[in-house]
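Following: one structure in structure tokens, then a few remarks.
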Amino acid sequence: MTCLPQSFYARDALEVARDLLGKHLVAGPIVLRISEVEAYRWPNDTASHCRMGRTARNAPMWGPAGHAYVYLCYGIHRMLNVVTNQQGEGAAVLIRACEPVAGLAEIEERRGGVKGPAMLTGPGKVGSALALTLDQSGAPLFGGAPLELHDAPTVKQLIAGPRIGIDFASAPDRRAPYRLAIAESPWVSHRRGLEPAG
DNA sequence: TCTACGATCTTT
DNA sequence: AAGATCGTAGAT
């Protein structure tokens, strides 16, 4: 298993999002296959955390690609994003759902005994399974890091639809099909609104 | 400081 | 349909 190089991430978030489907998140004994993502693009994406400019929280989104952006949502959930684009551009891909590949027992334990797709379909659940902490925000995802992204076969059949939980965004950004998932996978949250895509 | 509000999940 | 729960961000 080879680690994805930093150059993989230094592209438009939507391209990286598509290519992240099927790739592996590796954290110690746990390996997760990415099955659903959302792109938060640069520039002019009113759904993005970067819509208001640079802040202490979103600083990693403006930094070098291939690093993590972790933030706390609703006071409870830790969300994992992968930083994309060039340095100085605020963009990232949110990891929304995964399929377990290894470390099933550890994942189940961290998820409170939940099994099946309910275990990993939703960004908060992925964060919980990986035991993410806020101090991991800004950490690289390559070069022997505790959390890494490894290469795996590219996914051909995918489905796309509007992003979840961004009602505050402009109408075009609300409608934009920036949520991508593996077509045949049961490890996908909110199947409604997703349609076959290139 | 103060206040409002989330890129959600669970239970009712 | 609504509560949990707290760090951010923007306003004061």
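Chain letters run A, B, ... following the sequence lines, proteins first and then strands; every chain starts at 1.
Between L180(A) atom CG and S35(A) atom OG the span is 12.0 Å, to the nearest 0.5 Å. If you take OG on S170(A) and CG on D45(A), they are separated by 8.0 Å, rounding to the nearest 0.5 Å. Between atom OG1 of residue T84(A) and atom CD of residue Q86(A) there is a gap of 9.0 Å, rounded to the nearest 0.5 Å. The CZ atom of R110(A) sits 13.0 Å away from atom CD of E108(A), with the distance rounded to the nearest 0.5 Å.
Side chain to side chain, E36(A) and T121(A) fail the donor-acceptor criterion of an N or O pair below 3.5 Å. Between the side chains of D173(A) and T46(A), at least one donor-acceptor pair of N or O atoms lies under 3.5 Å. In summary, the side chains of S189(A) and R96(A) do present a donor paired with an acceptor at a separation below 3.5 Å, with no hydrogens or angles considered. Y69(A) and H49(A) share a side-chain donor-acceptor pair at under 3.5 Å.
Between M61(A) atom CE and dA7(B) atom P there is a gap of 11 Å when expressed in whole angstrom units. Rounded to an integer number of Å, the gap from F168(A) CZ to dT8(B) C1' is 13 Å. In this structure, the OH atom of Y69(A) is 14 Å from the P atom of dG6(B), given to the nearest Å. Atom CE in M119(A) sits about 18 Å away from atom C1' in dT8(B), given to the nearest Å.
Here the separation of dA2(C) from dC5(B), taken at their C1' atoms, is 16 Å to the nearest Å.
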- line: Quick tally for nucleotides 4-12 of chain C: nucleotides whose base has a protein heavy atom under 4.0 Å get B, sugar-phosphate-only ones S, the rest -, giving BBBSSSS--
Close N or O pairs between protein and nucleotides 10-12 of chain B (under 3.5 Å):
unit_1, atom_1, unit_2, atom_2, d
dT10(B), OP1, R111(A), NH2, 3.2

Just the atom pairs and distances: protein N or O near nucleotides 3-5 of chain B's N or O, under 3.5 Å.
none

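Y40(A) comes within 4.0 angstrom of a nucleotide base, judged by non-hydrogen atoms across all strands.
Taking the ring axis of Y40(A) as reference, the NZ or CZ atom of R163(A) stays within 45° of it and closer than 6.0 Å to the ring centre. Taking the centre and axis of the six-membered ring of Y71(A), the NZ or CZ atom of R78(A) falls outside the cone set by 45° and 6.0 Å.
The stretch residues 86-95 of chain A has no heavy atom under 4.0 angstrom from DNA chain C at all.
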task: Could you go through the side-chain contact (heavy atoms from CB on, under 4.5 Å) check for L32(A) and L120(A) one step at a time?
output: CA-CA 9 Å; L32(A) 306 180; L120(A) 282 172; 3.7 Å; yes
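When atom types are taken as modelled, the side chain of H67(A) and the backbone of G138(A) share a donor-acceptor pair closer than 3.5 angstrom. K23(A) places no side-chain N or O within donor-acceptor distance of the main-chain N or O of H150(A), the cut-off being under 3.5 Å. In this structure, N58(A) contributes its side chain and T55(A) its backbone to a donor-acceptor pair below 3.5 Å. Between the side chain of N85(A) and the backbone N or O of A13(A), at least one donor-acceptor pair lies under 3.5 Å.
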Secondary structure string for DNA chain B (Watson-Crick or G-U under 3.5 angstrom, | for other-strand pairs): ||||||.||||.
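Every residue two or more places apart in sequence or in another chain was checked for a ring pair (Phe, Tyr, Trp, His ring centres under 6.0 Å) with F8(A), and none qualifies.
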